[in-house]
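Note that these values count all heavy atoms, side chains included, but never hydrogens, waters or copies made by symmetry. Letters A, B, ... mirror the listed sequences (proteins, then strands); counts begin at 1.
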Protein chains: 2
Amino acid sequence: MNARDLVLAVDVGGTKLETAMVDAEGGVIAGTRHRAPTGPATDAASLDAALRDAIARTLASSPTAPVAAGIGTAGPVDLPAGTTSPLNLPRAAEFPIVRTVAAASGVSDLTLRLDGACIALAETWVGAARGASDALVFVVSTGIGGGILSGGRLLAGGTGNAGHLGQLVVAASVDDAAGLDTAGGGAGWTAEGLGSGPHTVAWARRQGWTGDTGEDLAADAAAGDAIARRAVERSARVVGIAVTNVAMLLDIDLAVVGGGFARVSADYTELVERSAHAHAVNAYGRRVRVVPAAAGADAPLIGAAALHWRADLLR
Amino acid sequence: MNARDLVLAVDVGGTKLETAMVDAEGGVIAGTRHRAPTGPATDAASLDAALRDAIARTLASSPTAPVAAGIGTAGPVDLPAGTTSPLNLPRAAEFPIVRTVAAASGVSDLTLRLDGACIALAETWVGAARGASDALVFVVSTGIGGGILSGGRLLAGGTGNAGHLGQLVVAASVDDAAGLDTAGGGAGWTAEGLGSGPHTVAWARRQGWTGDTGEDLAADAAAGDAIARRAVERSARVVGIAVTNVAMLLDIDLAVVGGGFARVSADYTELVERSAHAHAVNAYGRRVRVVPAAAGADAPLIGAAALHWRADLLR
């Protein structure tokens with residue numbers, strides 16, 4: 001490794017894509033960051049064009065050519081195929097993201113992972129999970145996604161979708177078999193369906209609260225509004241159950257929480273930990289510490305670059 | 001590896017311990033198997049004596065000295081400490097199992113893992129998970145325990161307790177914060193607390209069924225008793241939710257089901273798969289196939305020996 005070597009980092013999300021050059025210490029090189037909006041109207045052609053444009057600008061503004069490229073993306077992904085089908089970009093399903101980045105950059109050493117996995121890498125490399133070997137890293141925001149480190153390695157799963165914490169069913173109606181046949185397969189019973197930012201806002205409104213956004217909810221909860229506060233506690237309780245499940249299933253001892261909605265209350269992380277410990281049925285599950293994320297807003301890009309710089313965590 | 005090389009396999013459970021010699025093909029050597037009962041009265045001294053006695057008999061009946069020893073045990077375990085605290089052997093907590101087996105056998109190459117992890121190794125080596133790289137293997141019996149293969153490796157977790165499927169909270173009462181403070185931390189909401197053999201029998205009795213055992217339940221369900229059948233379906237539904245959670249969290253595509261209660265009905269495995277697919281909120285979670293275990297009754301010993309013979313799955 002040369003100290004001047006740089007990696008092309010690519011992050012494709014549901015509302016924007018970003019590209020930048022990242023050095024061997026996890027630093028985003030000033031002036032190399034470029035972004036473009038994405039959304040429900042984004043299709044394969046427009047995503048291809050936006051990616052090529054952002055990559056071209058990043059490469060043009062970089063002091064050196066990249067030695068490799070790391071790609072994080074909203075999923076589900078299909079790692080063997082090198083494609084992704086972001087839920088929030090329904091018109092860009094099965095997008096050949098690896099092929100596109102390769103063609104746009106000329107780089108042949110490319111690694112793709114789910115965005116949650118990249119955030120987990122960033123926290124492990126430069127954030128709150130430094131030195132951890134068994135940890136869960138996740139964000140609470142529009143969705144609840146993340147990545148898992150087990151035995152010092154980032155888990156991928158068969159197609160690359162490991163780590164999506166929000167899809168855990170935590171509150172099934174066990175004695176209601178009919179519920180199984182409803183459309184959506186019970187998303188309302190998942191951690192995301194019960195505890196994400198938008199679902200928590202919706203729950204509060206159903207209880208009579210009149211705000212509109214997570215920011216409103218944060219302000220009202222801080223000001224002492226009882227419903228807003230209960231909504232915050234309910235989200236943390238649900239998320240804590242999901243954390244417990246990972247702690248019990250995978251014997252992890254650290255959970256790192258990021259994402260906008262995790263800042264809804266100063267004690268949100270503490271509430272999540274309290275719920276996690278209360279729901280753990282064995283002592284080893286109560287070892288888990290829940291701490292705030294520390295890699296910062298650049299975590300998706302830093303984590304994408306970590307696919308090269310911290311390849312030791314992928315082996 | 002010499003074709004005649006043999007491994008000392010040790011399995012310590014809540015009702016018995018077993019020792020035997022196992023060859024490089026996963027065969028238990030005839031005449032080398034020895035066992036002793038265990039139970040609530042078992043303390044450290046009696047467990048130590050029983051283990052030493054069984055190991056001495058196995059070694060005395062073996063054609064050759066062992067090249068290594070593999071130990072599977074009921075947990076929770078503490079791999080770094082080399083100890084185990086089996087829930088069903090409360091008087092033998094923090095039992096120094098590695099040191100005991102080393103002293104009794106004279107073997108210096110010893111590996112310890114949770115019993116569920118050993119069963120997962122056995123199924124991967126000679127059973128229904130052969131060739132799998134991302135799989136869950138578990139038993140439904142008094143408890144619901146297991147092991148997980150991710151990326152071709154057996155997960156251990158920080159202290160060795162990864163894989164305990166039954167401890168997943170799947171049916172929390174999210175809107176009942178008070179429930180968190182009850183003793184036991186919500187074991188009634190876990191897959192094991194809702195779906196194990198004894199809990200399923202207890203549930204059926206609360207509905208008015210008058211049998212006593214899992215065998216009674218199996219016979220009555222087969223004979224058309226409506227409550228017995230509903231109890232079987234309820235267990236499979238709960239277990240299926242836990243399978244879905246692993247499938248979604250870890251992106252596995254295979255779940256192997258063993259244990260006595262999994263034979264409560266001819267279609268139990270199918271019912272589990274149906275529930276797993278119904279509860280999956282994403283297509284990749286519906287890839288999971290649920291199949292019966294195939295490594296047989298010797299799986300715990302075969303899996304313990306696999307800790308040496310299939311050490312490639314531990315790296």
Verdict with supporting geometry, B/D267 and B/R229, salt bridge (charged side-chain N to carboxylate O under 4.0 Å, His left out): CA-CA 11 Å; B/D267 63 351; B/R229 177 61 190 178; 2.8 Å; yes
Heavy-atom distance under 4.5 Å to chain B: side chain of [X], backbone, both or neither?
{"X": "A/L149", "answer": "neither"}
{"X": "A/V170", "answer": "both"}
{"X": "A/R230", "answer": "neither"}
{"X": "A/D134", "answer": "side chain"}
{"X": "A/D253", "answer": "neither"}
{"X": "A/T159", "answer": "both"}

Is there side-chain contact between A/D115 and A/T73, with at least one heavy-atom pair below 4.5 Å? no
Please rank A/Q167, A/E233, A/M248, A/R287 by heavy-atom pairs under 4.5 Å with chain B and give me the top one. A/Q167
Just to verify, which of B/E270, B/R234, B/R237 counts as forming a side-chain contact (heavy atoms from CB on, under 4.5 Å) with B/S275? B/R237
If we define contacts as heavy-atom pairs under 4.5 Å, which of [options] has the most with chain A?
{"options": "B/G166, B/G158, B/A247", "value": "B/G158"}
{"options": "B/A135, B/G163, B/G151", "value": "B/G163"}
{"options": "B/D78, B/L87, B/L155", "value": "B/L155"}

Between B/R153 and chain A, with a heavy-atom cut-off of 4.5 Å, which part of the residue counts as in contact: side chain, backbone, both or neither? side chain
Would you mind checking which part of B/R286 comes under 4.5 Å of any heavy atom in chain A, side chain (CB onward), backbone (N, CA, C, O), both or neither? neither
